[in-house]
Amino acid sequence: MAKKLLLIDGNSVAFRAFFALHNQLERFVNPDGLHTNAIYGFNTMLDHMIKAVEPTDMLVAFDAGKTTFRTAMYDNYKGGRAKTPSEFSEQMPYIKQLLDAYGIKHYELKDYEADDIIGTLAGQADQAGYTTTVVTGDRDLTQLTTEHTTVAVTVKGVSEVERYTPAHVEEKLGITPAQIIDMKGLTGDTSDNYPGVTKVGEKTALKLLKQYGTMEGIYENIDAMKQSKMKEHLIEDREQAAQAKVLATIKRDAPIDVQLTDLTYAGPDLDQLAAFYQTMDFQSFLKKLHLQSDEPATPIDYTVLTKDNLAELQQLTDHVDFYLEMPTPNYHTSAFAGFAIGADGHWYISRNVELLMQPTVADLLSSTTIAKDVFDMKRTTVGLNRLGIQLGKVDFDLLLVSYLLDTNDNSNDLGSLAEQHGYTDLPSDETVYGKGVKRAIPEDDDVFFSHLARKLAAIADLKPQLLKELAANEQDQLYDDIEKPMANVLAQMEIAGITVDSSRLKAMGSQFTERLSEIEQTIYQEAGEEFNINSPKQLGHILFEEMKLPVIKKTKTGYSTAVDVLEKLAPEAPIVANILQYRQISKIQSTYVVGLLDAIHSTDQKVHTRYLQTLTQTGRLSSVDPNLQNIPVRLEEGRKIRQAFVPSHEGWQIFSSDYSQIELRVLAHITNDENMQAAFKAGDDIHAATAMRIFHLNSAEEVTPNIRRQAKAVNFGIVYGISDYGLSQNIGITRKQARSFIDAYFKEYPGVKKYMDEIVQTAKEQGYVETISHRRRYLPDINSKSFNQRSFAERTAMNTPIQGSAADIIKIAMIKMQDKLQAAGLKATMLLQVHDELIFEAPKEEIPVLEKLVPSVMDSAVQLAVPLKVESHYGDTWYDTK
DNA sequence: AGAGTCACG
DNA sequence: ACGTACGTGACTCTA
């Protein structure tokens, strides 16, 4: 049989696992007080790789301590690294125990790193005709790839890897695996703390290698290179580079005393593994083990609910678990497949949702004293509403709570989510219902009913644990006072829907169709041939190969034809302007005319979006099916789409209020910057005020529109976690100028500077950032080795509290708003939310009331250190609210 | 299914 | 030196 060898870089993968589950650090503690997150993550990765590779032979290599031949050669090697957390080191011996139970050989060698052991064995395996897979978190190991050796580098979480073959290395970097060491030699390695050639980074290195092949090749030709700073650096740092290359080179001949033939993998010792899992308190792995040993899944008890036993439900007087199954995601239109109801292990199931309308059940559900525990209360509320039933008091919503605990837990599948929280008695819907075209509700009653019963059991079982975690995070208020009431408000808005004038849309559509075919003909003439303008590939061919226009930007797959590129090309050829025009109209046509028409419900001429309440990483909502949060407004052409959004009654109007600069006001609040707060308190135009400060102007007259525009861009940039490059691109200035703008900004608003530094520091220490309402976002990459990932996490750390707090504020306003509308007995209805804007419909005569009420509710939603400002507009259509 | 593009805050 | 602004969803083409 063909030999398949799996080699694992033990330290690297364990470290990766530790940080991937860092946000769960305190949940992974066994009864002895040992942290187990790295062990758990390592095990997950192990299972995943064994399943994917099906190895006949395996070995896990470890580093053998601090000093190696590399430290002997260069004493700063891996110097200056942050100390390994003790929570991590304490787990290492147990990872080795785990491997023993798995029957996997592990090995370490004094004076050598795990890399060298792997390199040596991979080389031997290649000779012996094995197929080898190397698993590591360290990209440098890609130098080992050959035709028979694949290197799988962990990218995200614990089980996602990127597989490097020689072809993949070539494709990503444009060099061969053997040239990786030349590249490292030139660039050095910050995380291992050795330098290469000054000012030479990956890009320069790759360019040089493509030209000269190897580091030696570069130096052989160095004299012929034209004079430049780079040449000087190359000459000066020659020795350093040579040393770096040696440091980066993985040994292929380490003096190992294991033989390839010793590595046979025969599978785990199940008893030993079970005992290990018991000590570690790994319930889910224990479960899997039992499944493997062919023990039947524990059956679950349930009762089929019928008209005859309905009365039994009257015993439920304290709390009720409830789940309504709708097979498709859109609960406004989905069929009903069945439901489950019960409490304390007594589960009643039926496919017949008409039973829900029986008073016994309906009263239970709509009761405001008997609390319901559910999964996705908004979905449940809308679904029940279609059956004429109100969902009353909800105590626990597993979906909402999981999202608040960790915004990454945003799967909509109850089974997957439960598993995330260590509950393994519930398979995913995909497992039970199938996926894709094969997805269907099981015909077998027992299969389906058991699944529904297990859903209730999961909700009931996880409730105490999750509520405890919520309290520990100080998120009780966020849950009780914001997200739960929010779910109800959103359900009402979704049910209300907004009326769309389809004849208006259709009229616009035929105009667009006509214009499109005209432009299309012009483009074909200018191109000299017909092609698909919607295909970036074909368009790129025409523009850059046939017409030979200059290439400004490339994408992964070819030439970029994005707007910013085309705008630069417009002066070169008239076809470009026509393409831009075509793109603009075709976007409006496909997404907003045709797309919107498709979404109109024929029953009421309305669109009913769904707001996703548990998706975004910041706490904002998102809107789907259709997305009503990105209806065109910036360009007049598209803005006209808004004329199709009309009130649902004769004599009514559309009314809208929006927060003005809410994110900058939040910024002024949380940074406590005196200068920025003063500007808002004085009611100044903040962009003009910023302009005067950073450009040192003395009077408001000196703020020209262009200067104000630049200051506005800087303000935005700050909110996004600015970089000089990003700002320079945005407003078309040099990087140096952008840098000086930013420096001036921080000097003028020192509180902002201080906040930005502190929030990044806080994120690095605690692993997450928070909004004013204790909404939390974990940033696992904040301490990443990769500059890119780390920088991204740092910008996120700066932006999330701002964007997220603004989201908190409008949510609070919406909840208060809904109450006020009801209390005032108004007919006005809240229809839409677009991040900083609320849209209503109301009888004309209520407009004056709304003009006072809405802004007052919005600006007093929370008390900040600066005032909140709200602007209102109204008219006959959404278009007219300007 | 993923990439490219473009609509919004 | 590194490679770049934060958060979304829908449509079209192409593998």
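Every chain is numbered from 1 and lettered A, B, ... according to where its sequence line falls, protein lines coming before strand lines.
Toward the 5' end of DNA chain C, the nearer of the two residues A:Lys587 and A:Pro536, judged by each one's closest nucleotide, is A:Lys587. Between A:His835 and A:Asn534, the residue anchored nearer the 5' end of DNA chain C, judged by the nucleotide with its closest heavy atom, is A:His835.
Contacts of A:Thr561 with the nucleic acid, taken as non-hydrogen atoms under 4.0 Å apart, involve only primed sugar atoms and P, OP1 or OP2. If you check every strand for non-hydrogen atoms under 4.0 Å, A:Leu615 touches sugar and phosphate atoms only. Here A:Val719 lies out of heavy-atom contact (under 4.0 Å) with every strand. At a threshold of 4.0 angstrom between heavy atoms, the contacts of A:Ala738 with the nucleic acid are absent. Within the nucleic acid shown, A:Thr198 has no heavy atom closer than 4.0 Å to any nucleic acid atom. Within the nucleic acid shown, A:Arg620 comes within 4.0 Å of at least one base atom, counting heavy atoms only. A:Gln729 comes within 4.0 angstrom of no nucleic acid atom, judged by non-hydrogen atoms across all strands. Within the nucleic acid shown, A:Asn799 comes within 4.0 Å of sugar-phosphate atoms alone, with no base atom in reach, counting heavy atoms only. Among the protein residues, A:Ile802 comes within range of no part of the nucleic acid, since none of its heavy atoms lies under 4.0 Å from any strand. Residue contacts for A:Leu612: at a heavy-atom cut-off of 4.0 Å it reaches the sugar-phosphate backbone alone, with no base atom in range. Within 4.0 Å (heavy atoms only), A:Gln538 reaches sugar-phosphate atoms of the nucleic acid but no base atom. In this structure, A:Asn730 reaches the bases: a heavy-atom distance under 4.0 Å links it to at least one base atom across the strands shown.
B:dA7 is paired with C:dT8 under the Watson-Crick or G-U wobble criterion, all donor-acceptor distances under 3.5 Å.
Across the C1' atoms, C:dG3 and B:dC6 are found 23 Å apart, a figure rounded to whole Å. Spacing of P atoms, B:dA7 relative to C:dC2, comes out at 33 Å, to the nearest Å. Distance check on atom P: C:dA5 versus B:dG4 gives 14 Å, rounded to whole Å.
Looking only at atom types and distance, the side chain of A:Asp880 has a donor-acceptor partner in the side chain of A:Thr877 under 3.5 Å away. The closest side-chain donor-acceptor pair between A:Tyr559 and A:Glu545 falls under 3.5 angstrom. With hydrogens and angles left out, the side-chain atoms of A:Ser872 and A:Ser657 include a donor and acceptor closer than 3.5 Å.
Interface remark: the A:Gln803 side chain does form a donor-acceptor pair with the C:dC6 base, using a distance-only criterion of under 3.5 Å. With hydrogens and angles ignored, a donor-acceptor pair closer than 3.5 Å exists between the side chain of A:Arg735 and the base of C:dT4. Side-chain to base pairing of A:Arg777 with C:dG7: no donor and acceptor N or O lie closer than 3.5 Å to each other. Evaluation of atom-type donor-acceptor distances gives a pair under 3.5 Å for the side chain of A:Ser723 against the base of C:dT4. Evaluation of atom-type donor-acceptor distances gives no pair under 3.5 Å for the side chain of A:Lys537 against the base of C:dC13.
For A:Arg634 and B:dA7, the CZ to C1' distance is 8 Å, given to the nearest whole Å.
The side chain of A:Asn532 contributes an N or O atom lying less than 4.0 Å from OP1 or OP2 of C:dC13. OP1 or OP2 of C:dT14 sits under 4.0 Å from a side-chain N or O of A:Ser535.
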